[in-house]
Amino acid sequence: MPASASVSSLYHRVSRFIPPAEWMGFEDDIAAILDLKKKRNAVILAHNYQTPEIFHCVADIVGDSLALARRAVDVDADVILVAGVHFMAETAKLLNPGKTVLIPDMEAGCSLAESITPEDIALLREAHPGVPVITYVNTSAAVKAASDICCTSGNAKQIVEGLGARKVLMIPDEYLARNIARQTDVEIIAWHGHCEVHELFTADDVRQLRENYPGVRVLAHPECPPDVVAEADFAGSTAWMSDYVASEKPGRVVLLTECSMSDNVAADNPDVEFIRPCNLCPHMKRITLSNIRAALEHNQHEVTIDPTVAVDARRAVERMLAI
Ligand code: 13P
Ligand code: SF4
């Protein structure tokens, strides 16, 4: 089958979200990417916030941060391209030091990762001697290296309780820390980082949604402020939200998270009505089909981690995966 014919056959996966004229502009890049993946023995790991043409048409492995980290461990390929943000690519590199890990745009960052440095952690340790430091994966490798263990939104409570400590430092997302603190007896000391996407949702938004869309089921990411999470019907990682929709099949749902998530979940759940007040993550949106293609064509941009940092950062990630 010619590449163009096999690419056209992918359109049904995304036809509800991408008009035919826009799709025509994607076909050439999709065909080239599928071809390059074979030639380079490459796999594409895509986060749930990637646009539908990436998520449903070129990605090999999709999921939340935890799933991407877990699946990265046993990737059988020479090249791993991460369609996501920089900390996700660093995590993939930590778990695959011998493989080439590419990110199509080095500027795809994260406001949480920007909010804390290893020096901040040193000061926190001084102020709270002996208290273990749990670091959200949305951080640089250097920050991971300065901490005891990582967590994601998908396993945060488990990690907080699994350490057996009465008190923990949980950095850098203040809202995730406060949302978890409500579910556990472990005392949590938070940092003041916020996700620039999730901090925009308000409890008033939730009340308005319920008024305007009777019966709507409200699912919130735990990076949302605690009063938003308190008003929601369910809170969990992006994978948890996706699983909730697939298993509960609510008539109407709203996902208080990044915009592309609703498209990606809606594609697999055509009978569910999605209400879509969402906020764009400008960092996730830096990844496009054309820069994925360029990344595979020109082997750019290769993610490297200082080996002295990598040893300790890997330990923090592997410790998380072991729990
Ligand atoms: P998840 O781990 O829930 O996918 O979240 C990652 C993220 O960046 C959320 O903003
Ligand atoms: Fe970072 Fe928020 Fe974007 Fe996720 S959505 S990558 S936490 S800025």
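We count ligands from 1, going down the list as the structure has it; atoms in each ligand are counted the same way.
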With a cut-off of 4.0 Å, which atoms of ligand 1 are near a heavy atom of Ser65?
1 (P), 2 (O), 4 (O), 5 (O), 6 (C)
Among all protein heavy atoms in this structure, tell me which lies nearest to atom 3 (Fe) of ligand 2, with the distance rounded to 0.1 Å.
Cys281 SG, 2.4 Å
Between atom CG of Leu124 and atom CD of Glu119, what is the distance when rounded to the nearest 0.5 Å?
12.0 Å
Rounded to the nearest 0.5 Å, what's the gap from CD1 on Ile159 to CG on Leu163? Could you check?
7.0 Å
For residues Tyr175 and His194, establish whether the separation of their ring centroids is below 6.0 Å.
yes
Is it true that Thr202 and Asp204 share a donor-acceptor pair across their side chains at a distance under 3.5 Å?
no
If the contact criterion is a heavy-atom separation under 4.0 Å, does Asn138 count as touching ligand 1?
yes
Can you tell me if Lys285 and Ser260 form a side-chain donor-acceptor pair at under 3.5 Å?
yes
Please determine if Asp64 has a nitrogen or oxygen closer than 3.5 Å to a nitrogen or oxygen of ligand 1.
no
Does a donor on one side chain and an acceptor on the other come within less than 3.5 Å for Asn291 and Arg286?
no
Atoms in ligand 1 flagged as close to Ser237, the criterion being non-hydrogen separation under 4.0 Å:
3 (O)
In terms of residue, atom name and distance, what is the protein heavy atom nearest to atom 2 (Fe) of ligand 2?
Cys195 SG, 2.3 Å
For Glu258, state whether at least one heavy atom is located under 4.0 Å from any atom of ligand 1.
no
Give the numbers and elements of all ligand 1 atoms closer than 4.0 Å to a heavy atom of His221.
1 (P), 3 (O), 5 (O), 9 (C)
Atoms in ligand 1 with a heavy atom of Tyr49 nearer than 4.0 Å
7 (C), 9 (C), 10 (O)
Under 4.0 Å from any heavy atom of His198, which atoms of ligand 1 are there?
10 (O)
Identify whether the distance between the nearest side-chain nitrogen and carboxylate oxygen of Arg217 and Asp233 falls below 4.0 Å.
no
Within the structure, does Thr152 bring an N/O atom to less than 3.5 angstrom of an N/O atom in ligand 1?
no
Show your reasoning for whether side chain to side chain contact (heavy atoms under 4.5 Å, CB included) applies to Asp60 and Leu45.
CA-CA 6 Å; Asp60 300 287; Leu45 263 56; over 6 Å; no
Counting only heavy atoms not in Asn212 (residues, nucleotides, ligands), do more than 12 fall under 6.0 Å from its CG?
yes
Can you sort out which atoms of ligand 2 are near Val197, meaning under 4.0 Å from one of its heavy atoms?
5 (S)
Please state which part of Glu223 comes within less than 4.0 Å of ligand 2, counting heavy atoms only: side chain, backbone, both or neither.
side chain
Looking at atom 1 (Fe) of ligand 2, what's its closest protein heavy atom, distance included?
Cys110 SG, 2.4 Å
Under 2.5 Å between the sulfurs of Cys278 and Cys259, yes or no?
yes
Should Thr257 and His198 be marked as a side-chain hydrogen bond (donor to acceptor under 3.5 Å, both in side chains) after you check the CA-CA gap, both sets of side-chain angles, and the distance that decides it?
CA-CA 6 Å; Thr257 191; His198 292 93; 2.8 Å; yes
Taking Glu196's backbone N and O only, do any of them form a donor-acceptor pair with Ser111's side chain (distance below 3.5 Å, no angle check)?
yes
For ligand 2, which atoms, with element, lie under 4.0 Å from some heavy atom of Ser111?
8 (S)
Please determine if Thr238 has a nitrogen or oxygen closer than 3.5 Å to a nitrogen or oxygen of ligand 1.
yes
Near Glu223 (heavy-atom distance under 4.0 Å), the atoms of ligand 1 are 7 (C), 9 (C), 10 (O)
Would you mind running through ligand 2 and noting each atom that sits below 4.0 Å from a heavy atom of Leu112?
7 (S)
Indicate yes or no: does an N/O atom of Asn48 lie under 3.5 Å from an N/O atom of ligand 1?
no
Should you measure from each heavy atom of Asn138, which atoms of ligand 2 turn up under 4.0 Å away?
7 (S)
